[in-house]
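Presented below is the structure to which this report refers.
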Amino acid sequence: MRYELVIFDNDGVLVDSEPISNRLLAGYLTELGHPTSYDESLRDYMGGAMHRVHDLVLERSGRRLPDDFDDVFHRRVFAAFERELEPVPGAVGVLEKLAADGTAFCVASSGSHDRIRVGHRKTGLDRWFGDERIFSSQDVGRGKPAPDLFLYAAERMGVAPQRCVVIEDSPLGVRAAVAAGMDVYGFTAMTPAARLAGADRLFDDMGDLLDLLRCLGPGGTH
């Protein structure tokens, strides 16, 4: 392993939450008079922090979402997570092997700390992610596509940006990683490869990630 730190996005990369949360987000926005399909939710909001939802709805409709929007949405999401959430296929094996190899890793997510922890607890991933390995857009001033979150995670983990690789499944996350000066591997299990074209490498099976990381070092060198 030539990278010193692997930074994972959370939703859609470690936990299979994107179908659940985008289904609920589309439904709730539609309920509030902002008709949104599941595909539109994926296109517009996947990988972004909650402020992106507020900003786009206000920009498009001239109306603000209710003050309790985030609280209501998260209650619905957390309840659905308890019923439905599973790890992304292959993620457990990747984390087991990284830990066994002594490779540093962490999660840097647009989701809140509560959302990350609920998902990890339900899926059993919490055994690999203590507080010192969890970074949220809540920790920085600007979420993805700004580079702040990834730079913050690297700084807290004590690794230079150029020695990090980010595992992302959203265009916003890929843009953030590139802006941070990090290599980024785009996970295309849910996202069309063309939307992650800025990534250094694309893959669609999480089980293949370790072989890719061992094959390529920083800057895509063999």
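Quick caveat: nothing in here was measured; it's all calculated off a predicted structure.
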key: Test item: Leu25 and Phe73 side chains (from C-beta on) under 4.5 Å apart, heavy atoms   = yes
inquiry  = Could you measure the distance from the CG atom of Asn10 to the CG atom of Leu125? Nearest 0.5 Å is fine.
reply    = 8.0 Å
Atom CG of Asp67 with >12 non-hydrogen neighbours under 6.0 angstrom = no
inquiry  = Counting neighbours of CZ on Arg43 that are heavy atoms of other residues, nucleotides or ligands and sit closer than 6.0 Å, is the number greater than 12?
reply    = yes
inquiry  = Within the 4.5 Å heavy-atom criterion, are Met157 and Glu4 side-chain neighbours or not?
reply    = no
key: Option passing side chain to side chain contact (heavy atoms under 4.5 Å, CB included) with Asp183 (candidates Val166, Asp200, Val178)   = Asp200
ask   = Quick one: do Val140 and Ile134 end up in the same hydrophobic cluster if we chain Ile, Leu, Val, Met, Phe, Trp and Tyr together by side-chain heavy atoms under 4.5 Å apart?
value = no
inquiry  = Could you tell me if the side chain of Met50 sits less than 4.5 Å from the side chain of Phe69, heavy atoms only?
reply    = yes
Validation row, ring centre Phe135 to ring centre Phe150 under 6.0 Å = no
ask   = Can you name the closest pair of heavy atoms from Leu5 and Ala154 and give their distance?
value = CD2-CA, 4.1 Å
Atom pair CG/OG1 of Asp205 and Thr188 - distance to nearest 0.5 Å = 9.5 Å
query = Say you draw a straight line from CZ of Arg133 to CZ of Arg156; how long is it, rounded to the nearest 0.5 Å?
reply = 13.5 Å
Donor-acceptor contact below 3.5 Å, side chain Ser136 vs main chain Gly111 = yes
query = Charged N to carboxylate O under 4.0 angstrom, Arg76 versus Glu31?
reply = yes
Atom of Ala80, atom of Ile20 and distance for their closest heavy-atom approach = CB-CG2, 3.6 Å
message = Using modelled atom types and a 3.5 Å cut-off, is there a donor and acceptor pairing between side-chain atoms of Arg52 and backbone atoms of Asp44?
response = yes
message = Regarding Arg127 and Glu96, does a basic nitrogen lie under 4.0 Å from an acidic carboxylate oxygen?
response = yes
ask   = At what distance, to the nearest 0.5 angstrom, does CG of Leu32 lie from CG of Leu65?
value = 6.5 Å
message = Let me confirm one number: the CG-NE2 distance from Leu56 to His34, rounded to the nearest 0.5 Å.
response = 12.0 Å
ask   = Looking only at heavy atoms, which two atoms of Met206 and Val94 are closest? And how far apart?
value = O-CG2, 3.3 Å
Flag side-chain contact, heavy atom, 4.5 Å: Leu98 against Trp128 = no
Heavy-atom side-chain proximity of Pro171 to Leu196 below 4.5 angstrom = yes
message = Counting C-beta onward and ignoring hydrogens, is there a side-chain heavy-atom pair between Asp114 and His74 closer than 4.5 Å?
response = no
inquiry  = Would you say Val6 ends up clustered with Leu202 if hydrophobic residues are merged whenever their side chains have heavy atoms under 4.5 Å apart, either directly or through other cluster members?
reply    = no
ask   = Given the rule that I, L, V, M, F, W and Y join up when any side-chain heavy atoms are under 4.5 Å apart, are Val72 and Val77 in one cluster?
value = yes
ask   = Distance-only, no hydrogens or angles: does the Gln138 side chain make a donor-acceptor pair with backbone N or O of His113 under 3.5 Å?
value = yes
request  = Could you pull out the closest heavy-atom pair between Gly119 and Leu85, with the gap in Å?
outcome  = CA-CD2, 3.5 Å
query = What's the verdict on side chain to side chain contact (heavy atoms under 4.5 Å, CB included) for Asp11 and Met46, showing C-alpha distance, side-chain angles and the deciding distance?
reply = CA-CA 9 Å; Asp11 294 294; Met46 183 174 167; over 6 Å; no
ask   = Knowing that exactly one of Val15, Val92, Asp16, Val88 qualifies, which makes a side chain to side chain contact (heavy atoms under 4.5 Å, CB included) with Thr123?
value = Val15
task = Go through the steps to decide whether Thr191 and Glu18 satisfy the test side chain to side chain contact (heavy atoms under 4.5 Å, CB included), and finish with yes or no.
result = CA-CA 10 Å; Thr191 309; Glu18 293 292 8; over 6 Å; no
request  = Could you walk me through whether Lys144 and Arg175 pass the side chain to side chain contact (heavy atoms under 4.5 Å, CB included) test, one step at a time?
outcome  = CA-CA 8 Å; Lys144 305 170 189 178; Arg175 286 167 56 193; over 6 Å; no
query = Ser110 side chain to Ser137 main-chain N or O, any donor-acceptor pair under 3.5 Å?
reply = no
task = Establish whether Phe129 and Phe187 are linked, either directly or via other cluster members, by ILVMFWY side-chain heavy-atom contacts under 4.5 Å.
result = yes
ask   = Does the side chain of Val174 reach to within under 4.5 Å of the side chain of Arg195, using non-hydrogen atoms?
value = no
request  = Check for a donor-acceptor pair, side chain of Asp211 on one end and backbone N or O of Asp208 on the other, with a separation under 3.5 Å.
outcome  = no
request  = Could you tell me the separation between the CD atom of Glu168 and the CD1 atom of Ile7, rounded to the nearest 0.5 Å?
outcome  = 10.0 Å
query = Linking I/L/V/M/F/W/Y whenever their side-chain heavy atoms sit closer than 4.5 Å, directly or via other members, would Tyr185 and Leu95 fall into one cluster?
reply = yes
Steps toward side chain to side chain contact (heavy atoms under 4.5 Å, CB included) verdict (Lys97, Leu213) = CA-CA 12 Å; Lys97 290 174 183 175; Leu213 290 174; over 6 Å; no
inquiry  = Tell me the closest heavy-atom pair linking Arg142 and Pro147, and the distance in Å.
reply    = NH2-CD, 4.3 Å
message = Quick check: do Asp131 and Arg117 have side-chain heavy atoms less than 4.5 Å from each other?
response = yes
message = Quick one, Arg115 with Ser21, criterion side-chain hydrogen bond (donor to acceptor under 3.5 Å, both in side chains). Give me CA distance, side-chain angles, the key distance, then yes/no.
response = CA-CA 11 Å; Arg115 177 183 171 120; Ser21 57; 3.2 Å; yes
key: Heavy-atom closest contact (Ser109 atom, Asp9 atom, distance)   = CA-OD1, 4.2 Å
